[in-house]
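Below: one structure, written as structure tokens.
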Amino acid sequence: MSEPAPITITSPLHWLALGWRDLWAHPVPGLLHGALIALFGGALLLLAHERFWLLAGAFSGFLIVAPILATGLYAVSRALAVGRRLPLREVLDVWRSRDPRLVRFGLLLALAGTGWVLTSAGLITLAAPAPVEKPVDFLRVVVLAPQAGLFEVWLLQGALLAAPVFASTVVALPMLVDQPVPVHQAVGASWRAVANHPAVLVLWALLLAVITALAMLLALVGLVVVIPWLAHASWHAYRDLAGR
């Protein structure tokens, strides 16, 4: 494996470039993961599109847990670094192993998503001038409200709740696939990386959020490519941040 690159403000663009390279160097596992996750997201949208809070809860959980579902792609990038293309069976073995550390971590992330939905529902219920039951209600009452304030507070609340989740996962998830370390050690390494490189990882978080949002706007079809792209890129972020 090559030596990890020094961390600079342009590192996130370098990680995206390496992730893109890995995706097309061995596309089948990545595109299969992306297609399955996009289909799952589409099913959620179909079932809950008229019930805003159910939809918000489903998609919050979906976005938070999706990185867990893509963990097999870290193994693909690790193998590509030594010139090996993993067969699909070995990629799926990461899922089938039922690694209790990943299971526990996934449950913790799901709880974090639930907490966001509950606090968000509390804020909107208490502060909105009219009930919000459907997505169109949220758009009309919150996003397009003539008085500024509620939407901005809602976004700020989401950012404050998302920040510790990101700080806990940015290094931890690939580390759990790569090394036999306990969850608390992986999370600690993740927080240290954020503390050591705050500006770089704020930029990385923004890029992940914007790219994912754009993919979802394309009727979720963009997730077919974006999910594996960002998973491979996240592996390279981990390698540089953890000095691997």
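In this structure, Pro228 and Gly30 approach most closely via the heavy-atom pair CG-O, 3.2 Å.
Qualifying ring pair (Phe, Tyr, Trp, His ring centres under 6.0 Å) partners for Tyr238, counting only residues two or more places apart in sequence or in other chains: Trp235.
Under a hydrophobic clustering in which Ile, Leu, Val, Met, Phe, Trp and Tyr are joined whenever their side-chain heavy atoms come within less than 4.5 Å, directly or via other members, Leu18 and Trp20 fall into different clusters. Cluster annotation: Val28 is not connected to Leu31 through the hydrophobic network of ILVMFWY side chains, with a link wherever side-chain heavy atoms come within less than 4.5 Å. Under the 4.5 Å side-chain heavy-atom criterion for grouping Ile, Leu, Val, Met, Phe, Trp and Tyr, Leu144 is connected to Trp154 within one hydrophobic cluster. Linking ILVMFWY side-chain heavy atoms closer than 4.5 Å, directly or via other members, places Val210 and Leu217 in a single hydrophobic cluster.
Residues Leu32 and Leu88 meet the side-chain proximity criterion, which asks for heavy atoms closer than 4.5 Å. For the pair Leu73/Asp22, no side-chain contact is recorded, criterion being any heavy-atom separation below 4.5 Å from C-beta on. Counting heavy atoms from C-beta outward, Val200 and Thr10 have side chains that stay 4.5 Å or more apart.
Atom CG of Leu13 sits about 6.5 Å away from atom CG of Leu203, to the nearest 0.5 Å. Atom CG of Leu161 and atom CG of Leu118 lie 11.0 Å apart (nearest 0.5 Å). Note that CD1 of Ile7 and CG of Leu241 are 4.5 Å apart. Values are rounded to the nearest 0.5 Å. Remark: Leu176 CG to Gln185 CD distance equals 9.5 Å, nearest 0.5 Å. Atom CG of Leu207 sits about 9.5 Å away from atom CG of Leu230, to the nearest 0.5 Å. Distance check: Tyr74 OH to Thr71 OG1 gives 7.0 Å after rounding to the nearest 0.5 Å.
In this structure a side-chain-to-backbone donor-acceptor pair under 3.5 Å is present from Trp229 to Leu16. A donor-acceptor pair is defined here as one N or O able to donate and one able to accept, closer than 3.5 Å; such a pair exists between the side chain of Ser11 and the backbone of Thr8.
Salt-bridge formation is detected for the pair Arg140/Asp137: a Lys NZ or Arg NE/NH1/NH2 atom is positioned less than 4.0 Å from an Asp or Glu carboxylate oxygen. A salt bridge between Arg85 and Glu90 is absent, with no side-chain N of the basic residue lying under 4.0 Å from a carboxylate O of the acidic one.
Legend: ring pair (Phe, Tyr, Trp, His ring centres under 6.0 Å) pairs involving residues 195-221, not counting sequence neighbours, sorted by first then second residue: Trp15-Trp204.
Among the candidates Arg239, Arg78, Arg101, the single residue satisfying the salt bridge (Lys or Arg N to Asp or Glu O under 4.0 Å) test with Asp178 is Arg78. Checking His232, Arg21, His26 one by one against Ser77, the side-chain contact (heavy atoms from CB on, under 4.5 Å) holds for a single residue, His232.
Checked by atom type, the side-chain pair Asp240/His14 shows no donor-acceptor distance below 3.5 Å.
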Distance-only donor-acceptor pairs under 3.5 Å for side chains of residues 166-173, two or more places apart:
unit_1	atom_1	unit_2	atom_2	d
Ser168	OG	Pro164	O	2.8
Ser168	OG	Trp191	NE1	3.0
Thr169	OG1	Val165	O	3.0
Thr169	OG1	Phe166	O	3.3

